[in-house]
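Indexing begins at 1, ligand by ligand and atom by atom, following the structure's order.
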Amino acid sequence: MLDKSSKKYHQLTPDLIICKILNGMWQVAGGHGFINPELAIADMMRYHEVGLRSWDLADIYGPAEDFIGVFRRRLSTLKGKEEMDTIQALTKWVPQPGRITRSIVKENVESSLRKMNVGSLDLLQFHWWDYSNPYYIDALRYLFDLRDERLIKDVGLTNFDTETIQTITDSNLKIVSNQVQYSIIDRRPEVKMIPFCKRYKISLLAYGSICGGLISERYLGKVEPSGAELNTLSLRKYKRMIDAWGGWNLFQELLVNLNRIAQKHGVSIANVATRYILDKPGVAGVIIGVRLGIADHISNNLQVFNLTLDKSDINDIENVCTKSDNLFEKIGDCGDEYRS
Ligand SMILES: NC(=O)c1ccc[n+]([C@@H]2O[C@H](COP(=O)([O-])OP(=O)(O)OC[C@H]3O[C@@H](n4cnc5c(N)ncnc54)[C@H](OP(=O)(O)O)[C@@H]3O)[C@@H](O)[C@H]2O)c1
């Protein structure tokens, strides 16, 4: 059982406590280097041992749900069922927008349950990118039916915009969370999403908070990388965000400031960027992508829990951001980049 009074954890729902840093599994889906399944499972054990036990995944993240299933079985064999039950696995369902029936929803949920080797999904985060297709409300109603049957503990969303969440809450569907891109660079949630979520007690799970690793010492003082030099899908995705936000020179100014703050506190640039988003109202957790079996930032990311940013740190970060372009005006609300 996780100790919710610890500063590492957050009570997301009455029956779900998550770690405030969640391990993101998009990175096992391809485009982030070859993932060796054996090394990946061994690495999952290392995250588990230091208390990073909350995983963010999706039905569309390649073998991610299978990895959770294998990992749970291994943990049960090695340490017992009780230990296995200290894992939280937050998956997603990302259907092709179209006619959705009760049996389609049930089949997909049952597939996730089977792969993940769980009796009930901790959180099912639903994604839909075509709001002109109204079947998303049907899909959600069926998901709530499955929640009532305890096949899902709670229903959340990902990349939904504020207006559509309003439609969902107006339909009496009580979602608990929305997973959105949120970083020092991409502050779109602050415009409409956070005030709305505060009113309706919906938590935010943030991703992209260190821009695929761009917000780190690795890129401090470096010339602008070409597309070919950025060797993961994640780096390329967030480099496009930086271009829209203000470009490489302004980004370097931000990194210099973050580095000064990081050195003052004896932590890393990524730690400052993560803490800054974790401290935002309504943010229940920051998802940091993990390249299992390839790269390791475990001990560094744990430092986030001992970091407190002061007023002058926040001012330094926000002063740079006043020089940037407004991504809400350029791109739109949360997730609009995924919609046509
Ligand atoms: N709902 C959605 O549409 C959506 C979209 C994107 C992501 N997500 C979720 O969010 C997760 C996060 O992924 P993301 O793509 O947004 O990536 P991210 O968390 O911004 O970046 C992850 C990368 O940052 C680097 N990193 C991690 N800790 C570091 C540290 N302390 N210092 C320096 N570098 C560090 C690592 O790069 P190296 O491995 O190269 O060292 C890691 O692969 C995904 O796995 C997924 O679960 C959801």
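When ring centroids are compared, W129 and Y338 stay outside the 6.0 Å threshold. Taking the ring centroids of W128 and F160, they lie at or beyond the 6.0 Å cut-off.
Nearest protein heavy-atom neighbour of atom 1 (N) of ligand 1: T158 OG1, 2.8 Å. In terms of protein heavy atoms, atom 12 (C) of ligand 1 is closest to G289 N, 3.3 Å. Nearest non-hydrogen protein atom to atom 11 (C) of ligand 1 is I287 CG2, 3.4 Å. Summary of contacts: the protein heavy atom closest to atom 28 (N) of ligand 1 is N301 ND2, 3.1 Å. Of the protein's heavy atoms, R291 NE, 2.7 Å lies nearest to atom 39 (O) of ligand 1. In terms of protein heavy-atom proximity, atom 3 (O) of ligand 1 is nearest to N159 ND2, 2.7 Å.
Of all atoms in ligand 1, listed by their number and element, those nearer than 4.0 Å to a heavy atom of Q27 are 13 (O), 14 (P), 15 (O), 17 (O), 44 (C), 45 (O). If you number the atoms of ligand 1 from 1 as listed, the ones under 4.0 Å from a heavy atom of C211 come out as 20 (O). Heavy-atom proximity to Q179, at under 4.0 Å, picks out these atoms of ligand 1: 1 (N), 2 (C), 4 (C), 8 (N), 9 (C), 48 (C).
Panel note: side chain K330, backbone D325; no donor-acceptor pair is recorded below 3.5 Å. Side-chain atoms of D333 come within 3.5 Å of backbone atoms of T162 as a donor-acceptor pair (strictly under, hydrogens ignored). When atom types are taken as modelled, the side chain of S111 and the backbone of E107 share no donor-acceptor pair closer than 3.5 angstrom.
Residue H32 places every heavy atom at 4.0 Å or more from ligand 1. For Q181, the heavy-atom gap to ligand 1 stays at 4.0 angstrom or more.
When each of Y136, F126, Y61 is tested with W93 by the rule ring pair (Phe, Tyr, Trp, His ring centres under 6.0 Å), just one qualifies, namely F126.
K174 NZ: more than 12 foreign heavy atoms inside a 6.0 Å radius.
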